[in-house]
Amino acid sequence: MKRYDPKSIEPKWQQIWDEKMAFEVAVDPTRTKTYASGMFPYPSGAGMHTGHAFSWAIVDAIARFNRGHGHNVLNPMGWDTFGLPAENYAIKTGTAPAAATATNIANFKNQFKRMGVSIDWSREINTSDPRYYRWTQWIFTKLFERDLAYQKESMQWWCDIDKTVLANEQVVNGKCWRHDGPDDPLISKKNITQWFFKITEYADTLLEEIPSLDWPEKIKTAQTNWIGRSVGAEVNFAVDGHDEIVTVFTTRPDTLFGATFLVLAPEHPLARQLATDDQRTAVEQYIDDAVKKTEMDRMNDTKEKTGVFTGSYAINPATGNKVPVWVADYVLYGYGTGAIMAVPAHDDRDRAFAEKFGLPIVTVINDQNSLVSSGEFDGLNANDARDAIVNWLAEKNIGTAKVTYKMRDWLISRQRYWGAPIPIIHCPEHGAVAVPEDQLPVVLPEVEDFAPKGDGKSALAHVEEWVNTTCPTCGQPAQRETDTMDGYACSSWYLLRFADPQNDDRAWDPERANYWAPVDFYVGGDHAVAHLLYVRFWTHVFHEMGLTSFKEPVKKLVYHGYINAEDGTKMSKSKGNVIDPLDIIDQGYGADALRTYVLFMGPVELDASWDSRGIAGVYRFLNRVWTLVQEYLDSDKSFTGNDDAVLHARHKTVRKVTNDFRRLSFNTSISALMEYVNDLYKYKVDGFSDEAWRNALEALVQCIAPLAPHMAEELWAQLSHETMVHETMWPEWDDALIVEDTMTIAVQVNGKLRATLELAKDTSDDEVKTQALAAENVARFVGDSEPLKVIYIPGKIVNVVVR
RNA sequence: GCGCGGGUGGUGGAAUCGGUAGACACGAGAGACUUAAAAUCUCUUGGCCGAAAGGUCGUGCGGGUUCAAGUCCCGCCCCGCGCACCA
């Protein structure tokens with residue numbers, strides 16, 4: 001009998017799949033397609049980690065399961081290679097990022113192959129390949145054409161360590177996302193001209209589509225909150241003795257009569273202007289401090305309110321009262337208008353501020369949620385009052401209904417070398433001009449020194465022969481943009497490129513993209529907001545451009561948990577508790593056990609802790625499958641006495657496993673297969689028959705194929721098949737064969753289980769009740785009295801209600 | 001503070017539509033095989049009482065709805081994640 005030896009069978013089948021290019025696919029409109037993908041990895045020097053193993057165990061199980069249902073399955077792989085780690089490594093070691101990246105890709109590719117993932121390798125892409133980033137740049141120029149890419153000077157988060165600006169999403173607890181350890185410094189802000197994508201223009205459409213997405217609620221609400229739509233009004237306040245007008249944004253126009261002061265953000269242009277002579281010094285001082293504080297700790301500051309009176313007064317347009325204008329850093333310049341009307345009676349922050357500085361508090365809404373002290377609006381319900389007051393403001397031309405968003409435009413400039421150059425030429429006469437399509441790609445020049453100089457520019461700025469060029473419009477000397485794009489730009493369209501990865505004439509052929517995409521299953525455990533919002537944003541734009549027939553790139557998002565270390569804490573190199581999936585394979589467990597184990601650990605969406613005994617248990621299970629098939633093959637197959645039981649177990653298991661795979665409940669489908677194998681072990685004691693057992697074992701092999709594909713191929717071949725298991729159709733079941741001829745009825749008295757009955761399936765309802773009451777233990781609890789009620793849920797339970 | 005998850009044996013988890021709580025696995029215990037160990041196989045395994053039959057308690061806590069609640073409703077507590085002075 002052959003022993004189960006993953007070390008020999010796994011490389012064997014990996015080689016066969018490779019040689020046959022077994023998972024290459026092409027557009028075929030006659031077949032249902034399934035597009036399954038993980039979030040393509042950043043190929044770090046450290047190689048694959050358990051998170052990758054988990055993601056692709058899920059992706060591959062889905063891919064192989066759907067292939068078994070005759071689907072044309074796209075399961076691609078690519079590399080998200082631009083970014084800081086490669087560049088920082090280059091600065092440290094002098095190795096060119098491209099060279100280090102190539103080495104890492106080779107390593108990752110080998111590791112994915114050793115996992116046995118059924119990838120179409122002909123579609124491999126790499127975001128730092130000019131053949132790819134040419135089209136990233138092309139998309140930039142299209143956004144630029146449509147006014148969705150623009151430059152503006154603004155205060156931006158600045159990482160002193162990496163010497164680059166950061167997007168809001170890359171700021172974690174006031175620190176750079178790449179340097180957010182306890183000893184790392186807080187980030188600061190710098191005023192620079194930057195490129196932005198106008199994602200805010202798509203806030204509403206991105207929001208509208210969220211309910212229709214088959215995504216986890218968690219991610220959907222995270223995106224909803226991130227977009228942060230608020231409906232309210234802008235109100236103009238005249239300033240007493242000035243021509244200036246302060247425009248505030250409020251979500252509570254109904255509380256206008258209770259606005260007893262105004263607050264400006266320190267950065268607000270009027271903050272200094274409105275300072276009266278006797279307040280000027282204090283105001284200037286406060287603003288200077290606040291701006292510095294913004295740099296340091298406005299984010300994780302205590303919520304203690306600070307502020308300063310400008311000395312000026314505005315007029316509340318509703319009451320006609322003079323209300324003082326203050327400057328305080330609890331008002332953010334970047335949101336709304338950077339100015340608020342403070343209603344201390346009905347806003348906690350305004351109340352805290354008013355109490356601290358002795359400002360008046362006027363209640364304008366009572367316990368019945370109706371307006372008081374609000375002139376003609378008194379008695380109106382607050383909800384109705386919102387509209388009424390906005391209408392009143394509009395009539396008087398001093399306010400309008402207004403919607404604002406927390407989301408800001410997407411800052412994409414990076415002052416770093418290792419990214420896709422922004423395809424713009426700055427001409428003294430024509431300003432920023434997009435590089436024409438026939439001059440793309442703007443190839444990243446090779447340089448000696450990758451390190452930013454701290455001058456706010458990338459290393460590209462020092463490559464004169466690259467920077468100096470001519471204007472595409474007038475041919476006069478001009479200079480290239482030296483910023484590169486945020487890596488998230490590269491990953492915002494790769495799912496579409498997978499549909500047509502070799503195309504050198506266009507980013508993709510819409511016909512191919514529309515066949516394969518949207519992605520049916522997108523698997524990952526990270527990027528709840530940033531990537532998953534950007535990829536949606538771009539696809540909405542592509543849809544408008546007629547490049548896709550759909551707005552939303554991802555139908556179902558499979559957002560899995562983290563695999564923690566054995567001690568339940570996060571794996572980290574410094575703690576030395578990292579599990580390397582390749583080690584697990586090499587230890588002799590093999591990829592099949594690794595894959596099956598990570599799926600058996602629990603529901604995919606939950607975090608789990610690695611358990612070295614757990615994988616041993618799964619290996620034991622696979623070993624039992626192997627041994628069972630060997631024993632069948634070695635037997636004389638002459639015993640037919642257990643055929644019915646074997647048949648029944650097979651149909652029941654196939655149904656359960658199929659349904660569980662469909663709802664991505666891998667852990668329960670694996671446990672069903674374990675039960676099946678346990679059952680077959682009991683039956684085999686009497687002996688094997690030929691046909692019933694062959695069918696039973698073939699179904700078993702087919703069912704484990706999405707989990708343990710190497711073993712499945714090997715056993716399938718041993719069961720003398722010419723075809724490979726991934727080319728076969730998924731086993732079917734017949735509900736009629738699952739039905740048992742007896743049923744188990746639980747009998748309760750007053751809701752407590754007292755007996756179980758084994759009755760023939762066709763027993764009449766009345767007969768079941770009679771039998772239930774007659775059961776010894778039941779009769780004892782019912783006693784002499786007549787039951788009040790006997791409830792029978794057919795085939796399941798009888799509940800006898802007494803007294 | 002707000003939002004979203006979650007809380008079930010010693011452990012990971014199962015219970016898909018309100019119907020036998022604890023499937024499956026790990027761990028533990030016992031046995032078989034073995035010179036021995038490993039591997040493998042078999043049995044037991046929520047707590048308490050009991051020789052057993054059986055009883056009793058039991059899904060974070062307190063109420064409620066129901067013939068019946070891990071599941072539904074109300075009020076709390078705890079843990080994780082996300083956002084966080086967004087007017």
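This is a predicted model, so every value here is computed, not measured.
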Summary of protein contacts for [range], nucleotide by nucleotide, where a base hit scores B, a sugar-phosphate-only hit scores S (4.0 Å, heavy atoms):
range                        : result
nucleotides 44-50 of chain B : -------
nucleotides 78-83 of chain B : ------
nucleotides 16-22 of chain B : B--BB--

For atom [atom1], what is the distance between [N] and [M], given to the nearest Å?
N      : M      : atom1 : value
B:rA14 : B:rC72 : P     : 16 Å
B:rA38 : B:rU45 : C1'   : 24 Å
B:rU71 : B:rG60 : C1'   : 16 Å
B:rU56 : B:rG62 : C1'   : 23 Å
B:rA36 : B:rA51 : P     : 36 Å

Specify the residue among A:Arg624 and A:Lys789 whose closest nucleotide of RNA chain B lies further upstream toward the 5′ end.
A:Arg624

Residue whose closest nucleotide on RNA chain B lies nearer the 5' end, A:Ala672 versus A:Ile340:
A:Ala672

So, using side-chain contact (heavy atoms from CB on, under 4.5 Å) as the criterion, who are the partners of [X] when residues are at least two apart?
X        : result
A:Glu217 : A:Lys220
A:Lys769 : A:Val790, A:Tyr792
A:Lys684 : A:Leu628, A:Glu631, A:Tyr681, A:Phe688, A:Trp693
A:Lys752 : A:Arg754

Applying ring pair (Phe, Tyr, Trp, His ring centres under 6.0 Å), name anything that partners A:Phe196, two or more places apart in sequence or on another chain.
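A:Phe196: ring pair (Phe, Tyr, Trp, His ring centres under 6.0 Å) contacts with A:Tyr150.
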
Describe, in one word, how the ring planes of [X] and [Y] are oriented to each other, choosing from parallel (under 30°), tilted (30 to 60°) and perpendicular (over 60°).
X        : Y        : result
A:Tyr488 : A:His531 : parallel
A:Phe661 : A:Phe666 : perpendicular
A:Tyr330 : A:Phe353 : tilted

Residues 605-622 of chain A vs salt bridge (charged side-chain N to carboxylate O under 4.0 Å, His left out), sequence neighbours excluded, gives none

Salt bridge (charged side-chain N to carboxylate O under 4.0 Å, His left out) contacts in which one or both residues fall within residues 337-348 of chain A, not counting sequence neighbours:
A:Asp347-A:Arg349

Identify the nucleotide, in any strand shown, that forms a Watson-Crick or G-U wobble pair with [N], with both distances under 3.5 Å; if there is none, say none.
N      : value
B:rU11 : B:rA25
B:rG1  : B:rC83
B:rC72 : B:rG64

Checking side-chain polar atoms at under 3.5 Å, does A:Glu234 have a donor or acceptor matched by the opposite partner on A:Thr247?
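A:Thr247 and A:Glu234 do not have a side-chain donor-acceptor pair below 3.5 Å.
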
Is B:rC17 in the syn or the anti form, by the rule that syn lies within 90° of 0?
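B:rC17: syn.
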
Across the strands shown, which category fits [X] at heavy-atom distances under 4.0 angstrom: base, sugar-phosphate, nothing?
X        : result
A:Pro603 : sugar-phosphate
A:Phe781 : sugar-phosphate
A:Arg662 : nothing
A:Asn623 : nothing
A:Arg754 : sugar-phosphate

Does a side-chain N or O from A:Thr224 land closer than 4.0 Å to OP1 or OP2 of B:rG3, or not?
no

Within the structure, does a side-chain N or O atom of A:Tyr330 lie under 4.0 Å from either OP1 or OP2 of B:rA87?
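Indeed not, no polar side-chain atom of A:Tyr330 lies that close.
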
Quick one: do A:Glu355 and A:Lys305 make a salt bridge, cutoff under 4.0 Å?
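Salt bridge between A:Glu355 and A:Lys305, a charged N being under 4.0 Å from a carboxylate O: no.
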
If you compare all heavy atoms of A:Leu753 against all heavy atoms of A:Ala746, which two are closest, and at what distance to 0.1 Å?
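Scanning both residues, the minimum pair turns out to be CD1-CB, 3.7 Å.
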
Please identify each residue that fulfils salt bridge (Lys or Arg N to Asp or Glu O under 4.0 Å) with A:Glu566, with sequence neighbours left out.
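Once residues adjacent in sequence are excluded, A:Glu566 has no partner under the salt bridge (Lys or Arg N to Asp or Glu O under 4.0 Å) criterion.
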
RNA chain B-proximal residues of residues 611-618 of chain A, any heavy atom under 4.0 Å:
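When residues 611-618 of chain A is checked for heavy atoms under 4.0 Å from RNA chain B, the hits, listed by number, are A:Asp611, A:Arg613, A:Gly617.
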
Out of A:Arg655, A:His651, A:Lys652, which one pairs with A:Asp735 under the side-chain hydrogen bond (donor to acceptor under 3.5 Å, both in side chains) rule?
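Passing option: A:Arg655.
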
